[in-house]
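Remember, it's 1-based here, ligands and their atoms both numbered in the order they're listed. As the structure is a prediction and not an experimental result, all values here were calculated from the model.
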Amino acid sequence: MPTAALNIPERPANGDNGLSRTVSNSRHDPANSLSTSPQLSFHSPQASYAGPPKVSAKQLRPFQSQDVKILLLENVNLAGQEILKKQGYQVEALKSSLPEDQLIEKIQDVNVIGIRSKTQLSANVLKHAKNLIVIGCFCIGTNQVDLQYAAENGIAVFNSPFSNSRSVAELMIGEIITLARQMADRSMEMHNGVWNKVSNGCWEVRGKTLGIVGYGHVGAQLSVLAEAMGMRVIYYDVINLMGLGTAQQVPNLEALLSGADFVTLHVPEIEETKNMIGEKELSQMRNGAYLLNASRGSVVDIAALIAAMKSGKIAGAALDVYPNEPGKNGEHFNSQLNAWGEELRSLKNLILTPHIGGSTEEAQSAIGVEVADALVNYVNFGTTTGAVNMPEVTLRSLTLDEPNHVRVIYIHRNVPGVLRRVNEILGDHNVDKQMTDSRGEVAYLMADISNVNVSEIKDLYQSLEDLGSRIRTRVLY
Ligand SMILES: NC(=O)c1ccc[n+]([C@@H]2O[C@H](COP(=O)([O-])OP(=O)(O)OC[C@H]3O[C@@H](n4cnc5c(N)ncnc54)[C@H](O)[C@@H]3O)[C@@H](O)[C@H]2O)c1
Ligand SMILES: O=C(O)[C@H](O)COP(=O)(O)O
């Protein structure tokens with residue numbers, strides 16, 4: 001009987017139309033569908049994600065809240081954890097990331113996973129995540145997730161695009177002055193009981209030129225702060241952007257490198273930015289210039305940087321990110337992790353920080369709330385606003401005076417003829433509203449349909465599932 005496989009119950013004997021008991025949520029295997037609440041229970045929306053007050057908004061439930069399993073890794077902020085727990089979801093929160101074998105074991109069981117920059121959600125890991133519907137990156141970068149694989153398998157990915165930008169920019173300002181005054185070395189010497197008062201090679205930053213590579217959220221914040229300290233700002237970006245204040249865009253990377261006293265990197269990790277700063281680029285920098293990297297470890301060829309610092313070409317550097325980073329606090333940063341580890345640590349006027357650019361109380365709680373809200377909205381309503389790998393689709397809420405409505409979500413391959421076939425299926429019902437959009441190979445359709453009873457849901461669900469274009473079908477009510 002198909003109902004068993006789909007976890008869609010038969011119409012109950014009490015005459016209830018059964019909508020409260022029904023859910024369909026599949027990817028490729030209907031056996032992975034999640035079952036639903038046996039009680040009819042409409043909940044008032046949680047304050048954390050309700051947006052503007054909607055007195056009669058009906059909170060859709062994809063399945064019983066306590067059936068939703070969430071795994072949070074890498075010490076996701078408590079503010080975010082609380083939002084998810086308040087929904088009644090099962091939340092397991094770990095402080096560290098997990099090595100691939102442990103991750104593969106854990107991910108098989110969960111519907112939602114929350115990570116930060118360390119956890120690698122590769123295709124190899126995600127192929128084991130048969131119940132996963134959404135990933136929350138509680139950070140800015142999403143390079144650690146195979147976004148395309150996720151989209152093609154109906155897994156939405158959300159991040160927090162700018163909640164830690166200010167924290168990173170402020171750290172850069174602190175580091176620029178620290179490098180210019182060799183402050184880290186002087187402090188280290190004093191910690192070792194050595195008094196070493198020097199002015200040789202120490203500078204004010206006023207009047208110096210800051211070169212920003214990547215003028216996005218972080219770069220633009222930094223630009224404003226640097227000008228306030230009397231620095232001149234130039235920037236290089238692959239797109240034309242209006243400079244803030246008197247900052248000036250330069251036409252290429254070489255112009256930036258040769259024109260700046262301090263070069264700071266704020267680009268994403270993509271193919272084009274891999275080893276973007278290597279031997280050649282370091283040689284194009286001014287003699288005695290400084291390099292700062294708080295973007296991703298893959299952007300700088302560190303062996304080349306070590307050579308440039310040893311030769312005196314580069315007077316100082318600040319690194320917050322590394323090609324290989326420890327998975328948790330207390331692990332060692334040494335040559336076993338990165339071949340040049342010990343050599344790097346021995347250099348003078350080099351600030352090494354453990355990927356703390358976004359690690360402030362302000363940034364972490366803002367990120368926690370933003371990403372947790374996005375996850376709740378996706379799980380409960382199917383809303384993809386802000387998703388980084390899916391078309392952005394939302395519909396106004398269903399209301400409490402629409403008890404027999406359901407929301408159909410259909411993620412499908414973006415091929416000709418699908419909408420016609422989907423609408424033939426939905427057309428047997430009253431389609432109140434519908435929105436569809438595509439992004440690359442994947443399309444996302446959301447439709448609210450009315451006057452539905454349970455047997456119709458089962459048929460509707462199965463008909464959508466049977467279409468060859470289907471990636472994932474969800475029915476929320
Ligand atoms: N160290 C940390 O804790 C920390 C915190 C936040 C962000 N980050 C990293 O910093 C990166 C930048 O953050 P953001 O919020 O400013 O991102 P963003 O997307 O707002 O800005 C990135 C900018 O880089 C530009 N860009 C892309 N490719 C480029 C190229 N080849 N050459 C020049 N410019 C290029 C883009 O056009 C964009 O303007 C993130 O992707 C993330 O990896 C690190
Ligand atoms: O991408 C980011 O936001 C930063 O790299 C910070 O990552 P984290 O949350 O792992 O510190």
Heavy atom of protein inside 4.0 Å of atom 3 (O) of ligand 1, strictly below
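Yes, there is a protein heavy atom closer to it than 4.0 Å.
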Modelled atom types, side-chain donor and acceptor of [X] and [Y], under 3.5 Å:
X: D320; Y: T353; answer: yes
X: S122; Y: N124; answer: no
X: N338; Y: N324; answer: yes

Given N349, which partner from the list T178, D185, I314 fulfils the side chain to side chain contact (heavy atoms under 4.5 Å, CB included) test?
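The passing option is D185.
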For I471, run the side chain to side chain contact (heavy atoms under 4.5 Å, CB included) check against N414, V442, I155 and tell me which one passes.
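The residue from N414, V442, I155 that satisfies side chain to side chain contact (heavy atoms under 4.5 Å, CB included) with I471 turns out to be V442.
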Starting from [atom], locate the nearest protein heavy atom and write down its residue, its atom name and how far away it is, to 0.1 Å.
atom: atom 21 (O) of ligand 1; result: G216 CA, 3.2 Å
atom: atom 9 (C) of ligand 1; result: S295 O, 3.5 Å
atom: atom 40 (C) of ligand 1; result: I140 CG2, 4.0 Å
atom: atom 27 (C) of ligand 1; result: P268 CD, 3.5 Å

Within ligand 1, which atoms have a heavy atom of [X] less than 4.0 Å away?
X: T273; result: 31 (N)
X: Y236; result: 32 (N), 33 (C)
X: H355; result: 1 (N), 2 (C), 3 (O)

Using a 3.5 Å cut-off on N or O atoms only, is [X] in polar contact with ligand 1?
X: H217; answer: yes
X: D237; answer: yes
X: V218; answer: yes

Stepwise side chain to side chain donor-acceptor pair (under 3.5 Å) test for R413 and S469
CA-CA 5 Å; R413 277 182 286 286; S469 53; over 6 Å; no
Flag this pair as yes if the NZ/CZ of R474 is under 6.0 angstrom from the six-membered ring centre of F381 and inside a 45 degree cone about the axis; otherwise no.
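No, R474 does not sit over the ring of F381.
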For ligand 1, which part of V267 has a heavy atom less than 4.0 Å away: the side chain, the backbone, both, or neither?
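V267 to ligand 1: contacts from backbone and side chain alike.
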Report the part of N164 in contact with ligand 1, treating N, CA, C, O as backbone and CB onward as side chain, heavy atoms under 4.0 Å; options are side chain, backbone, both, neither.
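N164 to ligand 1: side-chain contact only, backbone stays beyond 4.0 Å.
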Looking at every heavy atom in both [X] and [Y], which two are closest together, and how far apart are they?
X: L126; Y: D146; answer: CD1-O, 4.0 Å
X: E189; Y: K348; answer: OE2-NZ, 4.0 Å
X: G154; Y: Y378; answer: O-OH, 4.3 Å
X: Q182; Y: N200; answer: NE2-O, 3.6 Å
X: Q81; Y: V76; answer: NE2-O, 2.8 Å

In this structure, does ligand 1 have an atom that sits under 4.0 Å from one of the heavy atoms of F162?
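The answer is no: ligand 1 sits nowhere under 4.0 Å from a heavy atom of F162.
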Could you check whether any heavy atom of H266 sits closer than 4.0 Å to an atom of ligand 1, since that is the contact criterion I want to use?
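Yes, that is the case, since the closest heavy atom of the residue is under 4.0 Å from the ligand.
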Would you please indicate if the ring centroids of Y215 and Y236 are separated by under 6.0 Å?
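Judged by ring-centre distance (under 6.0 Å), Y215 and Y236 do not meet the cut-off.
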Once the angle between the rings of H217 and F162 is folded into 0 to 90°, is it parallel (under 30°), tilted (30 to 60°) or perpendicular (over 60°)?
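Ring orientation of H217 relative to F162: tilted.
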Atom-level proximity to ligand 2, residues with heavy atom under 4.0 Å:
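Ligand 2 is contacted, at a heavy-atom distance under 4.0 Å, by R116, S117, F138, C139, I140, G141, N164, R296, H355.
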Side-chain contact, heavy-atom cut-off 4.5 Å: V388 with L147?
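Touching, per the 4.5 Å side-chain cut-off.
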With respect to [atom], which of [options] exhibits the smallest heavy-atom separation?
atom: atom 44 (C) of ligand 1; options: G357, G358, A294; value: A294
atom: atom 26 (N) of ligand 1; options: I239, V168, V238, N293; value: V238
atom: atom 32 (N) of ligand 1; options: E272, E271, M276; value: M276

